[in-house]
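These figures come from a predicted structure and were not determined experimentally.
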Protein chains: 4
Amino acid sequence: MKDAMQELLITARRNQILDAAAVVFTQKGFHPTTIRDVAREAGVADGTIYNYFESKAALLMGIFERMRASAVQQAALPPSLPDQRAFLRLMIHHPLNALRDNDFALFRIVISEMMVNEELRTLYARQILAPTLAMAEEYLAQQGYGPDHSRLVVRAVSGMVLGLIVEYVAGDATLRDAWDTLPDALADLMLHGLEGLSS
Amino acid sequence: MKDAMQELLITARRNQILDAAAVVFTQKGFHPTTIRDVAREAGVADGTIYNYFESKAALLMGIFERMRASAVQQAALPPSLPDQRAFLRLMIHHPLNALRDNDFALFRIVISEMMVNEELRTLYARQILAPTLAMAEEYLAQQGYGPDHSRLVVRAVSGMVLGLIVEYVAGDATLRDAWDTLPDALADLMLHGLEGLSS
Amino acid sequence: MKDAMQELLITARRNQILDAAAVVFTQKGFHPTTIRDVAREAGVADGTIYNYFESKAALLMGIFERMRASAVQQAALPPSLPDQRAFLRLMIHHPLNALRDNDFALFRIVISEMMVNEELRTLYARQILAPTLAMAEEYLAQQGYGPDHSRLVVRAVSGMVLGLIVEYVAGDATLRDAWDTLPDALADLMLHGLEGLSS
Amino acid sequence: MKDAMQELLITARRNQILDAAAVVFTQKGFHPTTIRDVAREAGVADGTIYNYFESKAALLMGIFERMRASAVQQAALPPSLPDQRAFLRLMIHHPLNALRDNDFALFRIVISEMMVNEELRTLYARQILAPTLAMAEEYLAQQGYGPDHSRLVVRAVSGMVLGLIVEYVAGDATLRDAWDTLPDALADLMLHGLEGLSS
DNA sequence: CATGAATGAGGGTTCATTCAT
DNA sequence: GATGAATGAACCCTCATTCAT
């Protein structure tokens with residue numbers, strides 16, 4: 001019971017520090033932020049950070065891990081298989097929706113470092129991308145699509161989502177204005193194709 | 001005439017430095033690379049770099065600007081309007097093809113910093129993304145699509161391409177294997193939609 | 001009686017900690033070793049160390065003190081005065097023999113810090129060097145040597161021993177190979193001089 | 001010629017920094033001294049130190065190297081072979097004499113770190129100890145002593161000198177008072193042995 | 001007395017940038 | 001314009017020590 005208490009305290013402190021790191025990383029970016037910035041924001045001493053995290057980079061990993069955990073938690077497919085349109089909507093809507101408000105800026109920081117940080121990149125590829133793609137592929141396979149098509153489609157859709165996020169982050173006004181209607185519109189586009197648009 | 005000569009020399013030296021920066025940024029990334037690394041690779045003194053560039057960040061801007069210039073140069077639509085499938089292939093094929101081999105790694109560095117660097121991001125949005133999208137929108141408008149649809153489609157396609165690049169960079173094996181056949185397959189997918197796939 | 005028990009426990013704990021300190025100091029040296037290293041090796045918490053020792057430096061003093069105590073314990077001259085050769089052998093053999101195996105490395109650490117640490121140095125000079133020299137001087141005086149000669153000889157011999165230890169520690173192969181025969185050979189050398197060697 | 005100038009400047013600056021390091025190391029010891037201390041004493045910026053030395057430890061190596069160079073310079077044997085007594089006097093007198101005044105304190109620092117620093121120790125063993133011993137051994141061999149005896153004697157004498165220095169540094173009053181007469185007295189002692197003393 | 005999380009001063013080192021030559 | 005030594009601010013991280021539990 002003592003141990004359980006300890007565990008809770010440690011987790012709480014870790015989260016306290018990660019919360020602070022998320023705030024200051026969001027404000028200043030990863031590289032410009034100093035450990036002192038994080039410590040001040042968290043209300044702890046500099047050294048305390050290192051009682052909970054190996055390094056500054058580990059803070060980013062920790063943030064990423066929390067994102068991942070919460071994402072995975074929400075990502076489970078509904079038990080009854082949805083129709084293809086609902087499936088597409090889900091696949092598109094979910095990540096777009098997950099990144100609202102403050103999270104966007106933080107995601108930007110994480111993505112940026114991910115492009116450049118081998119460890120973070122591997123984590124993303126293995127922990128998020130691969131499982132998501134696998135799940136989606138399986139669904140499409142059950143819908144009767146061949147493996148090549150399945151693989152292609154899930155990558156096209158997930159890539160599209162990721163790219164739209166980047167473009168949004170880059171400041172595209174159209175995306176910002178239409179963000180809420182995107183999932184439906186994109187699901188239709190992916191389902192029926194360009195030809196399906198009432199021209 | 002003296003001035004013209006001067007101009008040439010300056011441009012040559014700038015390119016020499018940018019070439020070196022591209023090499024070492026590609027090898028080590030932007031932040032881990034020092035000005036000394038660039039200077040050594042370029043075969044000049046550290047201080048010389050500052051005769052041609054304001055700062056280390058300006059090197060990245062310079063690299064980006066060269067990418068942009070070469071991209072724009074290749075991006076002009078053929079004079080005769082292609083059919084929609086050819087248009088899609090072009091829109092997809094071009095960026096995927098542009099980023100082969102070494103360029104990939106450099107692009108990764110640039111993207112990464114772009115996410116985090118306001119100036120670079122604005123430059124990208126204004127100089128590359130916006131013109132490209134505008135051109136594509138215009139084409140679709142001429143094909144009879146409404147402005148909302150046009151805007152949506154070009155963003156979907158360009159986002160897809162960007163996202164696929166990121167996923168490729170993240171190490172997706174499927175994408176690596178199918179990279180050459182992607183433009184055609186994706187063009188078909190975007191044209192006919194998921195329904196269009198022989199299920 | 002309670003107090004006696006307390007006393008024993010305290011002594012035991014002190015020794016437990018000093019043993020651990022000796023081990024890790026031997027492995028890593030004094031400065032590179034952290035209090036945490038000592039605590040882990042001793043199987044106690046960091047803070048516990050400070051219940052028994054003032055500071056990290058006090059650990060070294062404690063180790064030194066134990067060395068001193070055991071050295072003094074063994075150093076008592078035999079009740080019957082030995083002849084001069086036996087005396088020299090004793091004076092040489094004892095310290096050389098005392099520093100075998102693990103003790104060597106620890107001695108190195110202590111010597112090193114002693115050179116630099118005023119308190120430790122004073123302790124060594126007063127507690128070890130002076131008594132040893134005094135005892136040896138007294139013996140020589142009883143053998144009929146004058147005070148000047150006595151002082152000189154004991155310093156020459158003790159210095160020689162110390163210096164040989166340092167050279168041994170520095171890695172001299174000859175000393176390593178001849179270590180066991182050193183006391184006899186050196187005793188003869190000091191007794192008869194260079195001239196005494198069968199040339 | 002430009003290069004020669006450069007070389008001189010570099011050497012001068014290195015010496016300037018080493019002089020400063022010697023001063024502050026002598027005052028405060030190696031570990032307690034900060035790079036900033038050295039830089040201030042040398043009248044340069046912190047970073048400048050690292051243009052000339054790899055690390056703080058390299059400063060000590062540099063000091064040691066200068067000591068070595070000057071020691072070697074003075075250590076050459078006279079062309080005509082001295083008699084054995086003169087030889088012993090030389091072997092004893094030289095190192096004792098080399099360490100006068102300020103040098104003593106610095107030597108203490110170097111010795112201390114040498115006990116603990118592998119690289120420094122190796123340097124000492126190879127660059128100073130081994131050559132000195134080899135030279136002395138050779139002399140004794142020429143005097144008709146066998147190799148075993150030669151090896152033993154040179155180690156005994158050199159060890160004695162080193163140990164006396166340590167004891168001097170430790171604050172022995174007798175040694176301090178008799179320092180100037182030591183070489184002669186010790187030479188006699190080593191030549192004739194304890195028996196040779198007029199008892 | 002034991003614990004070990006918290007502390008925070010401190011230090012070695014880096015590196016973008018400057019400027020005298 | 002080219003050089004590269006000098007600069008010094010800044011930063012990540014360590015670790016001896018404290019103290020509330």
Side-chain angles (χ1 to χ4, degrees), chain A residues 2 5-6 9-10 12-14 17 31-40 42-59, chain B residues 6 9-10 13 17 31-40 42-59, chain C residues 6 9-10 13 17 31-40 42-59, chain D residues 2 5-6 9-10 12-14 17 31-40 42-59:
Chain A
K2 188 77 163 298
M5 192 67 157
Q6 282 292 327
L9 283 177
I10 288 176
R13 190 52 74 100
R14 275 183 62 95
I17 292 170
H31 286 286
T33 293
T34 69
I35 287 291
R36 172 160 297 185
D37 291 332
V38 178
R40 287 229 207 287
V44 300
D46 295 15
T48 301
I49 306 270
Y50 290 88
N51 288 337
Y52 295 89
F53 297 92
E54 285 268 325
S55 64
K56 189 184 168 188
L59 288 174
Chain B
Q6 284 289 329
L9 282 178
I10 289 177
R13 190 51 76 94
I17 292 171
H31 286 286
T33 293
T34 68
I35 286 290
R36 174 159 299 182
D37 290 332
V38 178
R40 287 230 207 287
V44 300
D46 297 15
T48 302
I49 303 216
Y50 287 86
N51 289 333
Y52 295 89
F53 297 92
E54 281 272 321
S55 66
K56 188 183 169 188
L59 288 174
Chain C
Q6 285 289 329
L9 283 177
I10 288 177
R13 190 51 76 95
I17 291 170
H31 285 287
T33 293
T34 68
I35 287 289
R36 173 158 300 183
D37 290 332
V38 179
R40 289 228 207 287
V44 301
D46 296 13
T48 302
I49 302 215
Y50 287 86
N51 289 332
Y52 295 88
F53 298 92
E54 281 271 323
S55 65
K56 187 184 168 187
L59 288 174
Chain D
K2 187 76 163 298
M5 191 67 156
Q6 283 293 325
L9 283 176
I10 288 176
R13 191 51 75 98
R14 275 183 63 95
I17 292 171
H31 286 287
T33 294
T34 69
I35 285 291
R36 172 161 298 185
D37 290 332
V38 179
R40 287 229 208 286
V44 299
D46 296 15
T48 301
I49 307 269
Y50 289 88
N51 288 337
Y52 294 88
F53 297 92
E54 285 267 326
S55 64
K56 188 184 170 189
L59 288 174

Asker: In chain order, what residues pass the side-chain hydrogen bond (donor to acceptor under 3.5 Å, both in side chains) check against A:Arg13, with sequence neighbours excluded?
Answerer: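 Expected list: A:Gln16.
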
Asker: To the nearest 0.5 Å, tell me how far B:Ile49 CD1 sits from B:Ile35 CD1.
Answerer: 5.0 Å

Asker: Stems involving DNA chain F: give each as a range paired with a range, ordered by first number, where a stem means at least three consecutive Watson-Crick or G-U wobble pairs under 3.5 Å.
Answerer: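 The stems that DNA chain F takes part in, listed by first number, are E:2-21 with F:2-21.
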
Asker: Whole angstrom is fine here: how far is it from CD1 in D:Ile35 over to C1' in F:dC11?
Answerer: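 Taking atom C1' of F:dC11 as the reference, CD1 of D:Ile35 is at 16 Å.
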
Asker: In whole Å, what is the span from the CD1 atom of A:Ile17 to the P atom of F:dC13?
Answerer: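 From A:Ile17 CD1 to F:dC13 P: 14 Å.
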
Asker: For D:Lys56 and B:Thr33, take the nucleotide of DNA chain E holding the closest heavy atom to each; which residue's nucleotide lies nearer the 5' end?
Answerer: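 The 5'-side residue here is D:Lys56.
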
Asker: Quick one: C:Leu59 CG to F:dC15 P, roughly how many Å, whole number?
Answerer: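 Between P of F:dC15 and CG of C:Leu59: 15 Å.
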
Asker: For nucleotides 2-9 of chain E, read 5' to 3', which letter fits each nucleotide if B means a protein heavy atom sits under 4.0 Å from the base, S means only the sugar-phosphate is that close, and - means neither?
Answerer: BBBSBBB-

Asker: Could you tell me the separation between the CE atom of D:Met5 and the C1' atom of E:dT21, rounded to a whole number of Å?
Answerer: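 Atom-to-atom, D:Met5 to E:dT21, this comes out as 11 Å.
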
Asker: Show me the side-chain donor-acceptor pairs of residues 51-59 of chain C shorter than 3.5 Å, one per line, residues at least two apart or across chains.
Answerer:
residue: C:Ser55; atom: OG; partner: C:Ala57; partner atom: N; Å: 3.4
residue: C:Ser55; atom: OG; partner: C:Ala58; partner atom: N; Å: 3.3
residue: C:Lys56; atom: NZ; partner: C:Phe30; partner atom: O; Å: 3.1
residue: C:Lys56; atom: NZ; partner: C:His31; partner atom: O; Å: 3.3
residue: C:Lys56; atom: NZ; partner: C:Thr33; partner atom: O; Å: 2.7

Asker: Any chance you could measure D:Ile17, atom CD1, to D:Arg14, atom CZ, to the nearest 0.5 Å?
Answerer: 8.5 Å

Asker: Rounded to whole Å, please give me the gap between OH in B:Tyr50 and P in F:dG4.
Answerer: 16 Å

Asker: In chain order, what residues pass the side chain to side chain contact (heavy atoms under 4.5 Å, CB included) check against B:Arg36, with sequence neighbours excluded?
Answerer: B:Thr34, B:Arg40, B:Asp46

Asker: In whole Å, I'd like the distance from the NE2 atom of D:His31 to the C1' atom of F:dC15.
Answerer: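 One finds 15 Å between C1' of F:dC15 and NE2 of D:His31, rounded.
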
Asker: Given atom CD of C:Glu54 and atom C1' of F:dT18, what is their separation to the nearest angstrom?
Answerer: 13 Å

